[in-house]
Colleague: 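Just dropping this structure here.
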Amino acid sequence: MRLSKFFLPTTKETPADAAIASHQLMLRAGMIRQESAGIYSWLPLGFRVLKKVEQIVREEQDRAGAIEMLMPTIQPADLWRESGRYDAYGDEMLRIQDRHKREMLYGPTNEEMITSIFRNFCRSYKELPKLLYHIQWKFRDERRPRFGVMRGREFLMKDAYSFDISEAEAMKSYNRMFVAYLNTFARMGLKAFPMKAETGPIGGDLSHEFIILAENGESEVFCHRDLLDLPPPGLDVDFDGDLQGIVDERTRLYAATEDVHDEAAFAAIPDDKKVSARGIEVGQVFYFGTQYSEPMKARVSHPTQGEVAVHMGSYGIGVSRIVGGLIEAFNDEAGIIWPRSVAPFDVGILNMRAGDEQTDAACEAIYNDLIAAGLEPLYDDTDARAGGKFSKMDLIGLPDQIIVGPRGLKDGIVEVKDRATGERVDLSPIAAVAEIVRRHGTKY
RNA sequence: CGGGGAGUGGCGCAGCUUGGUAGCGCAUCUGGUUUGGGACCAGAGGGUCGCAGGUUCAAAUCCUGUCUCCCCGACCA
């Protein structure tokens with residue numbers, strides 16, 4: 001993409017309404033625009049990151065054996081009366097009427113709808129297990145939206161739902177999602193830790209929140225330091241095999257959010273292993289048994305026990321929230337620092353003297369070579385001043401930059417700068433492209 | 001929902017106490033000089049001062065109502 005053709009409304013000054021780094025930087029980098037409290041337009045740069053995050057989530061859901069589908073944002077109120085949640089959900093649910101005065105709502109989640117779909121088509125244990133997911137916009141009318149996309153009212157979420165014949169089988173589905181989540185967040189460069197969590201309005205018996213540590217996190221978390229050093233399971237894990245060992249390894253040591261914090265258990269941890277920090281919830285997994293299948297009559301025939309209600313679980317990942325969470329985790333004075341897997345573009349090319357024949361030619365060659373290598377470069381081909389180009393590129397946080405100017409070109413070199421470390425190396429244009437390709441490893 | 005704060009060119013702000021027909025920085029446009037870390041000079045365009053009502057010869061400014069947004073708390077898969 002050529003910057004001169006792109007839409008990237010960045011600002012030098014920090015907008016007054018943003019309080020934390022991620023919100024400020026998303027506004028300054030031209031990623032989002034607020035439309036109303038907790039409701040945002042995703043401008044091209046932000047949209048590209050959102051899509052990258054979404055795609056990683058999708059790939060890991062698929063790898064774990066979940067099946068993608070899509071349910072609507074608007075749901076009929078009657079469905080929610082079946083589970084009793086229409087009245088229980090309160091003002092956080094946005095209730096609306098259609099032209100025929102029918103009661104509808106903008107879905108805050110989809111347990112009722114997926115249960116209704118399941119019961120309509122599945123009648124036998126032979127259809128189980130099933131693990132379905134979708135990635136869709138949701139709306140919760142928060143009393144007080146804040147922190148930009150991290151606590152918005154409208155948000156993009158992946159939610160998966162599992163259907164099993166028994167609690168024991170449901171645990172296998174739970175474990176699938178649990179392990180998939182570890183890999184999902186690791187691929188984004190995030191260290192997310194499963195912690196025991198409250199089950200909340202969804203209800204149920206067993207739940208873990210996946211938390212990334214961040215100074216501006218909205219909840220306080222406590223855990224054993226050894227948990228922080230466990231590597232992700234890896235993409236070659238066998239999801240049809242026994243995952244209990246992986247889950248046990250992550251849940252054996254103490255880890256809890258403030259809501260379910262157990263002072264006594266925490267006190268038992270050696271002092272040098274105690275971790276007390278703030279965190280951002282990026283995902284949550286629940287097992288809630290027959291809480292919805294029972295009242296909504298989602299039953300299947302059992303080989304020996306007649307008809308039984310299915311055991312269910314639900315598994316959410318806050319896709320749009322993660323974009324904010326990533327910036328909280330990866331930023332410095334100059335701006336954002338994207339991990340390579342989620343960066344809106346792979347590399348920036350800075351033309352230090354647009355209009356200079358030799359410089360233009362060198363930039364064009366590098367730009368075309370990078371595209372040919374399968375990468376997505378953002379080429380700053382504008383005639384803006386050098387300082388502005390540096391600042392803008394640092395602000396939007398592309399992981400690598402290639403700086404091309406007459407000064408270097410007279411010696412046959414360009415500069416390759418690593419945004420995260422600030423490290424610069426002088427290379428020939430050909431070698432620079434090779435170096436960028438090397439850094440992006442698997443993308444090539 | 002309780003407490004606090006703010007709405008003035010695209011962005012950040014001043015002006016309001018003590019009414020007199022709107023200003024600064026950034027951004028934008030034109031011309032020129034510049035050209036490797038957000039340049040300089042000269043000029044230009046752009047605002048029903050959130051909205052409604054009231055007081056007054058006159059309202060960004062005073063009064064009443066209302067809407068919106070932000071912060072702290074409570075709340076929150």
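Computed from a prediction, not measured in an experiment: that's the story for all the values here. Below, chain A is the first sequence line, B the second, and so on; all start at residue 1.
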Colleague: Specify the residues of residues 67-81 of chain A, ordered by number, for which at least one heavy atom lies under 4.0 angstrom from an atom of RNA chain B.
Modeller: none

Colleague: In whole Å, what separates the P atom of U56(B) from that of A22(B)?
Modeller: 24 Å

Colleague: Would you say F47(A) has more than 12 foreign heavy atoms packed within less than 6.0 Å of its CZ?
Modeller: no

Colleague: To the nearest Å, give me how far apart CD (Q34(A)) and C1' (C71(B)) are.
Modeller: 14 Å

Colleague: Check whether any side-chain nitrogen or oxygen of R385(A) sits under 4.0 Å from OP1 or OP2 of U34(B), and answer yes or no.
Modeller: no

Colleague: With the side chain of R151(A) defined as its heavy atoms from C-beta on, choose the nearest nucleotide among C75(B), C11(B), G38(B).
Modeller: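 Closest nucleotide among those given: C75(B).
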
Colleague: Could you tell me whether G388(A) contacts a base, only the sugar-phosphate backbone, or nothing, with contacts defined as non-hydrogen atoms closer than 4.0 Å?
Modeller: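 Touches a base.
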
Colleague: Nearest whole Å is fine: how far is G4(B) P from D17(A) CG?
Modeller: 20 Å

Colleague: Taking the six-membered ring for Trp, are the ring centroids of Y287(A) and F178(A) within less than 6.0 Å of each other?
Modeller: no

Colleague: Would you kindly give the CZ-to-P distance between R28(A) and G38(B), to the nearest whole Å?
Modeller: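 Going from CZ in R28(A) over to P in G38(B) covers 14 Å.
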
Colleague: What is the distance, to the nearest angstrom, from the CG atom on D356(A) to the C1' atom on G36(B)?
Modeller: 13 Å

Colleague: Base, sugar-phosphate, or nothing: which does P108(A) touch, judged by heavy atoms less than 4.0 Å apart?
Modeller: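 If one applies the 4.0 Å heavy-atom cut-off, P108(A) turns out to touch a base.
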
Colleague: If you measure from the P atom in G2(B) to the same atom in C62(B), how many Å do you get, rounded?
Modeller: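 Rounded to whole Å, the distance is 26 Å.
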
Colleague: Specify the separation, in whole Å, of atom CD of Q24(A) and atom C1' of C70(B).
Modeller: 13 Å

Colleague: Whole angstrom is fine here: how far is it from CD in E220(A) over to P in G73(B)?
Modeller: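 Distance check: E220(A) CD to G73(B) P gives 12 Å.
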
Colleague: Tell me, yes or no, whether the heavy-atom count around Q97(A) atom CD, taken from other residues, nucleotides or ligands under 6.0 Å, exceeds 12.
Modeller: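 Counting other residues, nucleotides and ligands, CD of Q97(A) exceeds 12 neighbours.
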
Colleague: May I ask you to test the K196(A)-T257(A) pair for a side-chain heavy-atom distance under 4.5 Å?
Modeller: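 Sidechains of T257(A) and K196(A): no contact.
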
Colleague: Got a sec: does the CZ of R95(A) have more than 12 other heavy atoms crowding it under 6.0 Å?
Modeller: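 It does: R95(A) CZ has more than 12 such atoms within range.
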
Colleague: If I pick the C1' atom on A6(B) and the same atom on G15(B), what distance separates them, to the nearest angstrom?
Modeller: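 Approximately 16 Å lies between the C1' atom of G15(B) and that of A6(B).
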
Colleague: Which part of the nucleic acid, if any, lies within contact of D394(A), taking any heavy atom under 4.0 Å across all strands shown: a base, the sugar-phosphate backbone alone, or nothing?
Modeller: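 If one applies the 4.0 Å heavy-atom cut-off, D394(A) turns out to touch a base.
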
Colleague: Should G25(B) form a Watson-Crick or G-U wobble pair with both distances under 3.5 Å, which nucleotide is its partner?
Modeller: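 Checking every strand shown, G25(B) finds its partner in C11(B), with both distances under 3.5 Å.
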
Colleague: Please report, rounded to the nearest Å, how far the P atom of C69(B) is from the CG atom of L27(A).
Modeller: 15 Å

Colleague: Is there a Watson-Crick or G-U wobble partner for A59(B) with both distances under 3.5 Å, and which nucleotide is it?
Modeller: none

Colleague: Is the distance from OP1 or OP2 of C69(B) to the nearest side-chain N or O of S36(A) less than 4.0 Å?
Modeller: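 So the side chain of S36(A) is within the cut-off, an N or O lying under 4.0 Å from OP1 or OP2 of C69(B).
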
Colleague: When you compare G31(B) with C71(B), how far apart are their P atoms, in angstrom units rounded to a whole number?
Modeller: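 Those two atoms are separated by 43 Å.
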
Colleague: For R151(A) and R146(A), indicate whether the former's side chain and the latter's backbone hold a donor-acceptor pair under 3.5 Å.
Modeller: no

Colleague: If you pin K392(A) and P15(A) to their nearest nucleotides in RNA chain B, which one's is more 5'?
Modeller: P15(A)

Colleague: For U18(B), which nucleotide is its Watson-Crick or G-U wobble mate, given both distances must be under 3.5 Å?
Modeller: none

Colleague: Got a sec? Which of residues 402-409 of chain A come in under 4.0 Å of RNA chain B, heavy atoms?
Modeller: I403(A), G405(A), R407(A), G408(A)

Colleague: Do other residues, nucleotides or ligands put more than 12 heavy atoms under 6.0 Å from the CG atom of N368(A)?
Modeller: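 More than 12 within 6.0 Å, yes.
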
Colleague: Using the P atom as the point on both nucleotides, what is the distance between C29(B) and U68(B), in whole Å?
Modeller: 36 Å

Colleague: Are OP1 or OP2 of C72(B) and a side-chain N or O of R144(A) less than 4.0 angstrom apart?
Modeller: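 Looking at the OP1 and OP2 atoms of C72(B), one of them is under 4.0 Å from a side-chain N or O of R144(A).
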
Colleague: Measuring only the C1' atom in each nucleotide, how far is G47(B) from G12(B)? A whole number of Å is fine.
Modeller: 15 Å

Colleague: Which one is paired to G45(B), where only Watson-Crick or G-U wobble pairs with both distances under 3.5 angstrom count?
Modeller: none

Colleague: Under 6.0 Å between the ring centres of Y89(A) and W80(A)?
Modeller: yes

Colleague: If pairing requires Watson-Crick or G-U wobble contacts with both distances under 3.5 Å, which nucleotide is the partner of A39(B)?
Modeller: U33(B)

Colleague: Taking pairing as Watson-Crick or G-U wobble with both contacts under 3.5 Å, can you name the mate of A6(B), or confirm there isn't one?
Modeller: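 Across all strands, the one nucleotide that pairs with A6(B) is U68(B).
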
Colleague: So R187(A) and E60(A), salt bridge (charged side-chain N to carboxylate O under 4.0 Å, His left out) or not? Walk me through it.
Modeller: CA-CA 9 Å; R187(A) 277 190 63 190; E60(A) 295 313 313; 2.7 Å; yes

Colleague: Can you check the distance between C16(B) and A59(B), where both ends of the measurement are the C1' atom (answer in whole Å)?
Modeller: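 Looking at atom C1' only, C16(B) and A59(B) are 10 Å apart.
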
Colleague: Under the rule for salt bridge (charged side-chain N to carboxylate O under 4.0 Å, His left out), what residues qualify as partners of R153(A), not counting sequence neighbours?
Modeller: D141(A)

Colleague: Only pairs with both distances under 3.5 Å count, Watson-Crick or wobble alike; so what is the partner of C1(B) in this structure?
Modeller: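 The base-pairing partner of C1(B), which may sit in any strand shown, is G73(B).
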
Colleague: Among C1(B), C70(B), C72(B), which nucleotide has an atom closest to any side-chain atom of R146(A)?
Modeller: C72(B)

Colleague: Taking the side chain as every heavy atom from C-beta outward, state whether E328(A) and I280(A) have any pair of such atoms under 4.5 Å apart.
Modeller: yes

Colleague: Write down the distance separating the P atoms in U8(B) and C13(B), rounded off to the nearest Å.
Modeller: 10 Å

Colleague: Heavy-atom nearest nucleotide on RNA chain B for L395(A) versus F155(A): which residue maps closer to 5'?
Modeller: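 The answer here is L395(A).
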
Colleague: Checking S314(A) side chain against F286(A) main chain: does a donor-acceptor pair fall under 3.5 Å?
Modeller: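 No; judged by distance alone, with no hydrogens or angles, the pair does not exist.
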
Colleague: Closest approach to the side chain of A37(A), judged atom by atom: which nucleotide of C11(B), C70(B), G73(B) is it?
Modeller: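 For A37(A), the side-chain atoms sit closest to C70(B).
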
